[in-house]
Number of protein chains: 2
Amino acid sequence: MRRSSEDTKALILRAAREHFAADGYDRATIRAIAATAGIDPSMVIRYFGSKERLFATAADIDLRLPDLGEVPRDQVGNALAAHLVDRWGDGDVLPILLRTAVTNEGAADRMRTVFAGQLAPLIIKLVDDPSEAPARAGLAATQALGFALCRHVLALPPVLAMSREETIAWLGPTFQRYLAGPR
Amino acid sequence: MRRSSEDTKALILRAAREHFAADGYDRATIRAIAATAGIDPSMVIRYFGSKERLFATAADIDLRLPDLGEVPRDQVGNALAAHLVDRWGDGDVLPILLRTAVTNEGAADRMRTVFAGQLAPLIIKLVDDPSEAPARAGLAATQALGFALCRHVLALPPVLAMSREETIAWLGPTFQRYLAGPR
DNA sequence: GAGCGATGTCAACACTTGTTGGCAAACAGA
DNA sequence: TCTGTTTGCCAACAAGTGTTGACATCGCTC
């Protein structure tokens, strides 16, 4: 079959995200990605240069965090918890980062970048004392990533069983304290 | 050199834990483990049968959780937080499980087992309504594993910078609410 | 010392990996 | 139609993997 170059690139990227999310960086082979995309493995290299660069492109991720500045100050915790359940549940976004950042140093770097570039700036606007912002953002990250890990990667049964409302009711206050609570 | 069979087995196991913790299951090669142990790769197979079985032995892990039943009810949160910082910091225990459980399905299984076998029973003794125990244990796991992940695997700077006292002050109340707080 | 099992090394196997170069077919412009 | 570029496939390479079997060497028992 014959396609436009951009179409196949998109095809490969989608297959790559799928495999990286499911198997992590090492186990996701170029051959498997190419097979899913219905394409020869050599095309992957031709279009992306190397596996490392393919991953870098596939993992260039937007967490699509909400603007917590527009939420009432006493509701930011619930808002973040709700976002965590709603937006990070379906897509491959978080599993990609979690599965790969854990074994691939480059991906861990990317994780730190995503964290510093997308989560931290959001927090700064909320905190009175800017010097506290990094620690508070870090704390929020531990709970957010821990939840995503247990639910979408480890699939711990009780965490998997929690409804949207339960999750918000339990995690909301935690985020609220980390983000806007007293020291 | 010549040793007792048990000595070399122990030597291999220690090297294996080291590499599994640092590199995850896939990247930790038998050759590298053998090199660290100062031994021929074939010995690893001879003593443990296969890489999979070596891992199963190396990952047979005791979290050494404290008996929360002996702690004052309003202090269990702090106690768990303190344990998290003190005991899970140095050893290879948690990094092994985190780095491997994420890409290795067998390890994820083991993680669920460790979780169900060691953490959950501890919680049951604390909770009034036993039907709530699994959810509460799951919540505690999200925060505990999330913290370990951010601190020891991802090495997020602000989380890395937190002192023992800060950590307990922030995480203690979270655990307290998850374990013994109101719904 | 002779025999023997335990301990260890070496070389090789079958396989998978990322990656490369050559070649065929489809398209676009002249 | 001729030419050059794009898109694709195929076969192969070099490197690294887990694993295996043949051979050496130590230490013990008779």
Side-chain angles (χ1 to χ4, degrees), chain A residues 1-59 96 99-100 102-107 109-110, chain B residues 1-60 96 99-100 102-107 110:
Chain A
M1 206 184 315
R2 197 174 171 94
R3 283 161 287 238
S4 102
S5 160
E6 291 306 315
D7 283 355
T8 28
K9 263 173 122 169
L11 223 59
I12 294 173
L13 261 184
R14 198 169 55 191
R17 292 214 172 87
E18 198 176 307
H19 277 85
F20 283 137
D23 305 329
Y25 182 83
D26 290 308
R27 282 176 126 86
T29 73
I30 285 196
R31 280 173 167 86
I33 293 170
T36 301
I39 266 181
D40 191 87
S42 62
M43 299 298 290
V44 178
I45 300 291
R46 174 133 57 176
Y47 282 138
F48 292 91
S50 70
K51 184 182 182 181
E52 197 73 42
R53 284 222 288 276
L54 167 65
F55 172 75
T57 312
I96 284 192
R99 281 228 156 81
T100 51
V102 161
T103 48
N104 187 272
E105 188 47 41
D109 234 31
R110 186 161 300 273
Chain B
M1 206 183 316
R2 198 176 170 91
R3 283 162 288 235
S4 100
S5 160
E6 291 306 316
D7 283 356
T8 28
K9 264 174 123 168
L11 223 58
I12 295 173
L13 261 184
R14 198 168 56 190
R17 291 213 172 87
E18 198 176 306
H19 277 86
F20 283 137
D23 305 328
Y25 183 84
D26 290 307
R27 283 175 126 86
T29 73
I30 285 196
R31 280 173 168 86
I33 292 170
T36 301
I39 268 182
D40 191 88
S42 63
M43 298 299 289
V44 178
I45 300 292
R46 173 131 56 170
Y47 282 138
F48 292 92
S50 70
K51 184 182 182 181
E52 197 72 42
R53 284 222 289 276
L54 168 65
F55 172 74
T57 312
D60 191 4
I96 284 191
R99 280 228 157 81
T100 51
V102 161
T103 48
N104 188 272
E105 188 47 41
R110 184 163 301 272

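So that the names make sense, note that chain A is the first sequence line, chain B the second, and so on, each numbered from 1. What you see is a predicted model, and the numbers here were worked out from it, not measured in a lab.
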Go through the structure and list residues passing side chain to side chain donor-acceptor pair (under 3.5 Å) with B:Glu6, not counting sequence neighbours. none

I'd like to check the side chain to side chain contact (heavy atoms under 4.5 Å, CB included) partners of A:Asn104; sequence neighbours left out, ordered by chain and number. A:Tyr25, A:Glu52, A:Ala107, B:Arg27

Atom-to-atom span, CG of B:Asp23 to P of D:dG16 - whole angstrom: 16 Å

With sequence neighbours left out, the residues meeting side chain to side chain donor-acceptor pair (under 3.5 Å) with A:Thr29 are none

For B:Ile45, what residues pass the side chain to side chain contact (heavy atoms under 4.5 Å, CB included) criterion, not counting sequence neighbours? B:Ile30

Distance check: side-chain N/O of A:Arg3 vs OP1/OP2 of D:dG8, anything under 4.0 Å? yes

Counterpart residues, side chain to side chain donor-acceptor pair (under 3.5 Å), relative to A:Thr36 (two or more places apart): A:His19

Taking only residues two or more places apart in sequence, or in another chain, which ones meet A:Asp109 in a salt bridge (charged side-chain N to carboxylate O under 4.0 Å, His left out)? A:Arg112

Looking at B:Phe48 and B:Arg53, what are the two nearest heavy atoms and their distance? O-CB, 3.2 Å

Check nucleotides 25-28 of chain D for protein N or O atoms closer than 3.5 Å to its own N or O atoms and list the pairs.
unit_1 : atom_1 : unit_2 : atom_2 : d
D:dC26 : O2     : B:Arg2 : NH1    : 3.4
D:dC26 : O2     : B:Arg2 : NH2    : 3.1

Within residues 42-55 of chain B: residues closer than 4.0 Å to DNA chain C (heavy atoms): B:Ser42, B:Met43, B:Arg46, B:Tyr47

C:dG18 C1' sits how many Å from A:Arg27 CZ, rounded? 17 Å

Going by side chain to side chain donor-acceptor pair (under 3.5 Å), name the residues that satisfy it together with B:Thr57, two or more places apart in sequence or in a different chain. none

With sequence neighbours left out, what residues match A:Arg31 under salt bridge (charged side-chain N to carboxylate O under 4.0 Å, His left out)? none

Taking only heavy atoms on the protein side, list every residue of residues 28-41 of chain A lying under 4.0 Å from any atom of DNA chain D, sorted numerically. A:Arg31, A:Ile39, A:Asp40

Can you list everything that forms a side chain to side chain contact (heavy atoms under 4.5 Å, CB included) with A:Ala59? Sequence neighbours excluded, please. A:Phe55, A:Ile96, A:Arg110

